[in-house]
Amino acid sequence: MAPLSTPTIGVLALQGDVREHLIALAAADALARPVRRPEELAEIDGLVIPGGESTTMSKLAVVFGMLEPLRERVKAGMPVYGTCAGMIMLADKILDGREDQETLGGIDMIVRRNAFGRQNESFEAAVEMAGIEGGPVEGVFIRAPWVESVGAAAEVVATHDGHTVAVRQGNVLATSFHPELTGDHRVHALFVDMVRAAR
Ligand code: GLN
């Protein structure tokens, strides 16, 4: 059995690279499970929102009756970590979204969809991230968003080429890039620590 200190962390499994996050969370000593329904949402201590396609994720969140339950738990302080499309889902405001695209909000920031994508569809870069020791993380950017601006409560924790690519506000963390694809679990370990601290 898992020790009491082991948090249960869900991965929003409507669409996107769910499996990679489940593996990274397990490697970072969390009990990881996919979450699709409100009942499953009630059973977790923290949530990862994967990369994928934020317009599809937003649509499926409505179809599965998850949009309001997710918003409520984020508002109530559940720790959440979003990568790429997940970052878009956590933005209070987005640019270049679809007209009917919904987000959960949680971070006072404006995120531009596909911002790097227009210049460069996909690339990797070493990213220095506050709170992560042991050198830069390998940032995998895939049609990635960047953060145009953050409000006073949000903290920029990483930049690339002068653009903000990671932000934290309280218990909510978001990165433009995909640490779940690298085999380096330090960012997931940081998030698991955030979940532990919040319990
Ligand atoms: N461009 C995608 C979107 O707008 C995000 C890409 C990704 O998650 N790798 O949702």
Worksheet item: Between Val63 and Val18, is there a shared hydrophobic cluster once you connect ILVMFWY residues whose side-chain heavy atoms come closer than 4.5 Å?
Response: no
Discussion item. Between Glu155 and Arg168, does any side-chain N to carboxylate O distance fall below 4.0 Å?
Written reply: no
Worksheet entry | Asp17 side-chain N/O to Gly51 backbone N/O, donor-acceptor pair under 3.5 Å | yes
Worksheet item: Could you give the distance from CG (Leu90) to CE (Met109), rounded to the nearest 0.5 Å?
Response: 6.0 Å
Worksheet item: Using a distance-only test with no angle check, is there a side-chain donor-acceptor pair under 3.5 angstrom linking His21 and Thr83?
Response: yes
Fill in: Beyond-backbone contact of His188 with Pro179, side-chain heavy atoms, under 4.5 angstrom
yes
Worksheet item: Is a side-chain N or O of Asn171 found less than 3.5 angstrom from the main chain of Met194, in a donor-acceptor match?
Response: no
Worksheet item: Does atom CZ of Arg71 have more than 12 heavy-atom neighbours from other groups under 6.0 Å away?
Response: yes
Worksheet item: Would Val48 and Phe191 satisfy side chain to side chain contact (heavy atoms under 4.5 Å, CB included), going step by step from the backbone distance to the final call?
Response: CA-CA 9 Å; Val48 168; Phe191 180 61; 3.9 Å; yes
Worksheet item: How far does CG of Leu60 sit from CG of Leu67, to the nearest 0.5 angstrom?
Response: 11.5 Å
Worksheet item: Step by step, would you call Ile132 with Leu190 a side chain to side chain contact (heavy atoms under 4.5 Å, CB included)?
Response: CA-CA 7 Å; Ile132 301 287; Leu190 169 71; 4.0 Å; yes
Worksheet item: So how far is it from Leu22 CG to Glu180 CD, rounded to the nearest 0.5 Å?
Response: 10.5 Å
Item to complete: May I ask you to test the Arg33-Thr8 pair for a side-chain heavy-atom distance under 4.5 Å?
Response: yes
Discussion item. Is any side-chain heavy atom of Leu173 closer than 4.5 Å to one of Val80?
Written reply: no
Fill in: Working for side chain to side chain contact (heavy atoms under 4.5 Å, CB included), residues Val137 and Thr182
CA-CA 9 Å; Val137 298; Thr182 62; over 6 Å; no
Worksheet item: Under a 4.0 Å N-O cut-off, is there an ion pair linking Arg143 with Glu121?
Response: yes
Practice prompt. Answer yes if Val165 and Val167 sit in the same cluster of Ile, Leu, Val, Met, Phe, Trp and Tyr residues linked by side chain heavy atoms under 4.5 Å apart, and no otherwise.
Written response: no
Fill in: salt bridge (charged side-chain N to carboxylate O under 4.0 Å, His left out) partners of Arg73, counting only residues at least two apart
none
Discussion item. Can a donor-acceptor pair be found, under 3.5 Å and without considering hydrogens, that links the side chain of Ser54 to the backbone of Ala85?
Written reply: no
Fill in: Straight-line distance of Ser5 OG to Asp29 CG, nearest 0.5 Å
8.5 Å
Worksheet item: Taking a hydrophobic cluster as the set of Ile, Leu, Val, Met, Phe, Trp and Tyr residues connected by side-chain heavy atoms closer than 4.5 Å, whether directly or through intermediates, do Met129 and Val140 fall within one such cluster?
Response: no
Fill in: Closest non-hydrogen atom pair between Val192 and Ala30, with its separation
CG2-CB, 3.9 Å
Discussion item. If hydrophobic clusters are built from ILVMFWY residues whose side chains come within less than 4.5 Å, do Phe123 and Trp146 share one?
Written reply: yes
Worksheet item: Mind checking whether Phe141 and His160 have ring centres under 6.0 Å apart?
Response: yes
Worksheet entry | Where Gly65 and Pro38 come nearest, the two heavy atoms and their spacing | O-CG, 3.7 Å
Worksheet item: Quick one: does Met87's side chain get under 4.5 Å of Tyr81's, heavy atoms only?
Response: no
Practice prompt. State, to 0.1 Å, how close Gly10 and Ile44 come at their nearest heavy-atom pair, and which atoms those are.
Written response: N-CG2, 3.7 Å
Practice prompt. Would you give the length of the straight line joining atom CG of Leu41 to atom CG of Leu47, rounded to the nearest 0.5 angstrom?
Written response: 6.5 Å
Practice prompt. Name all residues meeting the side-chain contact (heavy atoms from CB on, under 4.5 Å) criterion together with Thr103; count only those two or more places apart in sequence or in a different chain, and write none if there are none.
Written response: Ile94
Fill in: Under-4.0 Å salt bridge between Glu40 and Arg37
yes
Worksheet entry | Leu25 side, atom CG; Glu20 side, atom CD - distance, nearest 0.5 Å | 11.5 Å
Worksheet item: If we only count heavy atoms from C-beta on, is the Ser176 to Cys84 side-chain gap below 4.5 Å?
Response: no
Fill in: Main-chain N/O of Ala13 paired with Arg36 side-chain donor or acceptor, under 3.5 Å
yes
Item to complete: Begin with the C-alpha distance, continue with both residues' side-chain angles, and end with the deciding distance and a verdict on side chain to side chain contact (heavy atoms under 4.5 Å, CB included) for Phe177 and Val127.
Response: CA-CA 9 Å; Phe177 50 90; Val127 177; 4.1 Å; yes
Worksheet item: Among all residues two or more places apart in sequence or in another chain, which pass the side chain to side chain donor-acceptor pair (under 3.5 Å) test with Arg196?
Response: Asp193
Fill in: Met66 and Leu12, any side-chain heavy atoms less than 4.5 Å apart
yes
Worksheet item: For the residue pair His163 and Phe116, does the interplanar ring angle fall in the parallel (under 30°), tilted (30 to 60°) or perpendicular (over 60°) class?
Response: perpendicular
Worksheet item: At their closest point, which heavy atom of Asp108 faces which heavy atom of Ala152, and how far apart are they?
Response: OD2-N, 4.3 Å
Worksheet item: Do the non-hydrogen side-chain atoms of Leu95 and Ile110 ever get within less than 4.5 Å of each other?
Response: yes
Worksheet item: Looking at residues at least two apart in the chain, or sitting in another chain, which of them share a side-chain contact (heavy atoms from CB on, under 4.5 Å) with Thr55?
Response: Glu53, Arg98, Gln101, Arg113
Worksheet item: Got a sec, which pairs hit side chain to side chain donor-acceptor pair (under 3.5 Å) with one end in residues 124-140, sequence neighbours left out?
Response: none
Worksheet item: Is the closest side-chain heavy-atom distance between Val11 and Pro34 below 4.5 Å?
Response: no
Worksheet item: Should Ile142 and Ile49 be counted in the same cluster of Ile, Leu, Val, Met, Phe, Trp and Tyr side chains packed under 4.5 Å apart?
Response: no
Worksheet item: With Asp45, which residues qualify under salt bridge (charged side-chain N to carboxylate O under 4.0 Å, His left out), at least two apart?
Response: Arg199
Discussion item. If you compare all heavy atoms of Asp96 against all heavy atoms of Arg112, which two are closest, and at what distance to 0.1 Å?
Written reply: OD2-NH1, 3.0 Å
